[in-house]
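Here's the structure we're looking at; comments come further down.
Heavy-atom basis, side chains included; hydrogens, waters and symmetry copies ignored. Every number for a ligand or one of its atoms is a count from 1 in the order of the listing. Owing to the predicted nature of the structure, the values given are computational and were not obtained by experimental measurement.
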Amino acid sequence: MLSRCVQCQRELNLATWWGQRSLLPLCSTCREGVLTYGVPTCQGCGRTSSRQPLCMDCQAWRAQYGWVLPNRCLYQYNDWMRSYMEQYKFKGDYYQRRIFMTVYTKAVRKCHAQIIVPIPVTEATWQTRGFNQVLGWYQGNYQALLRLKMRDKVAQSSKTRQQRLATPQPFELNRTVDLTGKRILLLDDIYTTGRTLYHAAQCLRTAGAREILSLTLAG
Ligand SMILES: [Zn+2]
Ligand SMILES: [Zn+2]
């Protein structure tokens, strides 16, 4: 069990740590920047929205697809989260996965999905980073049903919002599968425009899936 803050290495007072609702292995100082969303939340992307039940972005997705992907977003994508992702994803500090392992895995279980599908990372990412960031947080069974069509695809994170939205379907099914009647959970790290997750969900729908939801660490 962790007894030190993953970020600053200060010793944690385990009695108070386990008493925390968040269960993050961070001291109170390091935990200050990790913020959840307040209500009301959008029933699509899961972020705070004054428009109910769907924010403008999710209304646009509904108009385009005729359905909405219910996403659960655990934390705000703020400065703290940006620098965390920088350290974990881009600098490849695998140890940092520990901050969210318990929380993310618990959140996956709470979704009660029959099939759990992580968003795959690009070939280039595998070569430079060596791990899928989502699978660093999630400790459990999953099925790699999706794969990327093109090799060395440009990472979404290096694109502008308009470029992201214009991205053509990058996924295909990894194998022939019948997903009719299955409850499927997609796992991703950050909900930005929703483009990636809608592509992934659309791909799973071609195999018969109709009940698809997603979980992101931040958004
Ligand atoms: Zn700390
Ligand atoms: Zn929304």
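- Centred on the Zn ion (ligand 2), the SG atom of Cys45 and the SG atom of Cys55 lie at an angle of 110°, reported to 10°.
- Rounded to 10°, the angle formed at the Zn ion (ligand 1) by SG of Cys8 and SG of Cys27 is 110°.
- A side-chain donor-acceptor contact under 3.5 Å links Arg47 to the backbone of Tyr191.
- An angle of 110° is found at the Zn ion (ligand 1) between Cys5 atom SG and Cys30 atom SG, rounded to 10°.
- With the Zn ion (ligand 2) as vertex, Cys42 SG and Cys58 SG subtend 100°, rounded to 10°.
- Between Tyr104 and Tyr75, the distance from one ring center to the other does not fall under 6.0 angstrom.
- Remark: of the listed residues Arg62, Arg51, Arg161, Arg161 is the sole one forming a salt bridge (Lys or Arg N to Asp or Glu O under 4.0 Å) with Asp57.
- Here the options are Leu24, Thr29, Ile99, the test is side-chain contact (heavy atoms from CB on, under 4.5 Å), and the partner is Gln7; only Ile99 passes.
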